[in-house]
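The chains referred to below are lettered A, B, ... by the order of the sequence lines, with proteins before strands, and numbering in each begins at 1.
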Number of protein chains: 2
Amino acid sequence: MDSLTEENYIKSIYALSLATGEVFVSELAKKLNIKQPSVNSMMKRLATKKVVAYAPYKGIRLTEKGKKEALSIIRRHRLAELFLVKVMELGWEEVHDIAEQLEHVDSKRFYSRMDEMLHFPKFDPHGEPIPDSNGKIYTQKRTSLSDLAEGLTATIAAVGEDEKSFLDHLNAKGLQIGDAVTLKKREPFDGSVTLQHKSKKEILLTHQVAERIWVEVTFTRS
Amino acid sequence: MDSLTEENYIKSIYALSLATGEVFVSELAKKLNIKQPSVNSMMKRLATKKVVAYAPYKGIRLTEKGKKEALSIIRRHRLAELFLVKVMELGWEEVHDIAEQLEHVDSKRFYSRMDEMLHFPKFDPHGEPIPDSNGKIYTQKRTSLSDLAEGLTATIAAVGEDEKSFLDHLNAKGLQIGDAVTLKKREPFDGSVTLQHKSKKEILLTHQVAERIWVEVTFTRS
DNA sequence: TTAAAAAGTTAGACTATTCTAACAAATTAA
DNA sequence: TTAATTTGTTAGAATAGTCTAACTTTTTAA
């Protein structure tokens, strides 16, 4: 097991190395508000633990093991944020610091219950993906249904709102997460969209509803 | 601010010194699974911080400041337990270890929201009192309504269940927290009780309901 | 009432984190 | 391409918590 401190290092390394695959001691030190020599010795420790690959004067990279751990922490953080907002009705602005603490709670049950209560969300309301319990991230490109081009077919991946009334509305329309829909027509006037659904029925959604639905394009026009 | 470790010491000192007002190094060491010399040096530190009063070879006592801190930790722990059970629907047996971690979360909002969501509970379902945010504990002697002697008048202080259906039932009977009731008669056969209510009406409750209502005796027969 | 037993204390050591000071390597810019 | 700048590393120290070994006080009980 990693200490709370180690977890924070791992999380930051993941975030900072996302783009290029590596981070430098100086960047990490700045991000964590810690002096370079401290980062340096922590890297030696994490290297011993096989969490990072680290050679002196070279960049820091997470190993597979390290990535897995990072994703697990990120999952806990994002689930916690979503939980605090959706279930506890706290404001987005006040939620980050609390999630920063909750992410270190060691209890599978605690997180699996959150997951259940939130209906296994794939994204947090910022649109950031929540890794699943195997560390798998939904990487497919998502678009809001309100931006999908006419004629394209896409799968409903997630909804931006988890409120019962919204879900009820989708239900009433016969839509569910996982359903494939084809965008038949978008009204230029009000942005409402007409969908072709697997049920063969045509479904009309207002712009307000469409923009809260995230889809993944599965087929393009050939 | 106290460290997580210090908070754990304070909580244990409070619990162990409740009866006599003091704890001994050996007891504390056993409770925390820590060796005596470690406890000894921590006591020196907490004494410097004015959290405990401690003289070598004498017992350990919390100062007023220390008691306040202990009550705040206990409040957080009990709120968290209740929250995990009532809101997150986890089982009582699996909740303690998680609450043990949540109690150290530093966020007033987090706890005040729990408090609100739980309707400002005065007791956890074990019947243990939850200190309020000023550290005040509801010390009055409580009895279950199912144990109240015939003829006594008492005030409804809390209910052991927070489920909507239970609260609805009480509502339908015209009972609310804070109401004074006099126990008119208890049926020996099924334990159901007849109450005299301030509304002048007589109310009949089954044993099942009565045992979930906590009351404080306000008047005794003279 | 004195000798075990129990309880408490000191001293010294070790790990996890962090820091400052001083030096070394790599990069950048003139 | 060398000198300045940036980046990284080592060495040594500090704090929080804990431990073991070796006493010292108190208590308990014969």
> Looking at side-chain heavy atoms only, is the closest gap between A:Asn134 and A:Leu71 below 4.5 Å?
Replying inline: no
I need the [atom1]-[atom2] distance between [X] and [N], as an integer number of Å.
{"X": "A:Tyr57", "N": "D:dT6", "atom1": "OH", "atom2": "P", "value": "17 Å"}
{"X": "B:Glu6", "N": "D:dT18", "atom1": "CD", "atom2": "P", "value": "10 Å"}
{"X": "B:Glu7", "N": "D:dA16", "atom1": "CD", "atom2": "P", "value": "16 Å"}
{"X": "A:Tyr54", "N": "D:dT7", "atom1": "OH", "atom2": "P", "value": "14 Å"}
{"X": "A:Glu27", "N": "D:dT6", "atom1": "CD", "atom2": "P", "value": "16 Å"}
{"X": "B:Lys58", "N": "C:dA6", "atom1": "NZ", "atom2": "C1'", "value": "16 Å"}

>> With nearest nucleotide decided by heavy atoms, which residue, A:Ser3 or A:Pro56, maps closer to the 5′ end of DNA chain C?
In response: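 Residue closer to the 5' terminus by nearest nucleotide: A:Ser3.
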> Heavy atom of residues 10-21 of chain B under 4.0 Å from DNA chain C: which residues?
Replying inline: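 Going residue by residue through residues 10-21 of chain B, none turns out to have a heavy atom under 4.0 Å of DNA chain C.
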Test: [X] and [Y] ion pair at under 4.0 Å:
{"X": "B:Glu64", "Y": "B:Lys67", "result": "yes"}
{"X": "B:Arg78", "Y": "B:Glu81", "result": "no"}
{"X": "A:Arg76", "Y": "A:Glu7", "result": "yes"}

> Is the side chain of A:Glu150 donor-acceptor paired with the backbone N or O of A:Arg186 at a distance under 3.5 Å, no angle test?
Replying inline: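 Checked: pair present.
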>> Between B:Ser12 (side chain only) and B:Asn8 (backbone N and O only), is there a donor and an acceptor less than 3.5 Å apart?
In response: yes
> Considering all heavy atoms of both residues, which atom of B:Leu183 and which atom of B:Ala149 are nearest to each other, and what is their separation?
Replying inline: CB-O, 4.0 Å
> Using a cut-off of less than 4.0 Å, is there contact between a side-chain N or O of A:Tyr9 and OP1 or OP2 of C:dT18?
Replying inline: yes
>> Using the rule side chain to side chain contact (heavy atoms under 4.5 Å, CB included), only one of A:Thr153, A:Leu175, A:Thr155 pairs with A:Val181; which is it?
In response: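 Considering A:Thr153, A:Leu175, A:Thr155, a side chain to side chain contact (heavy atoms under 4.5 Å, CB included) with A:Val181 is found only for A:Leu175.
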> Taking DNA chain D as the partner, which of residues 28-47 of chain A come within under 4.0 angstrom of it by heavy atom?
Replying inline: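 Of all residues in residues 28-47 of chain A, the ones placing a heavy atom under 4.0 Å from DNA chain D are A:Gln36, A:Pro37, A:Asn40, A:Lys44.
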>> If you apply the rule side-chain contact (heavy atoms from CB on, under 4.5 Å), what do you find for A:Leu152 with A:Thr143, and how did you get there?
In response: CA-CA 12 Å; A:Leu152 295 194; A:Thr143 332; over 6 Å; no
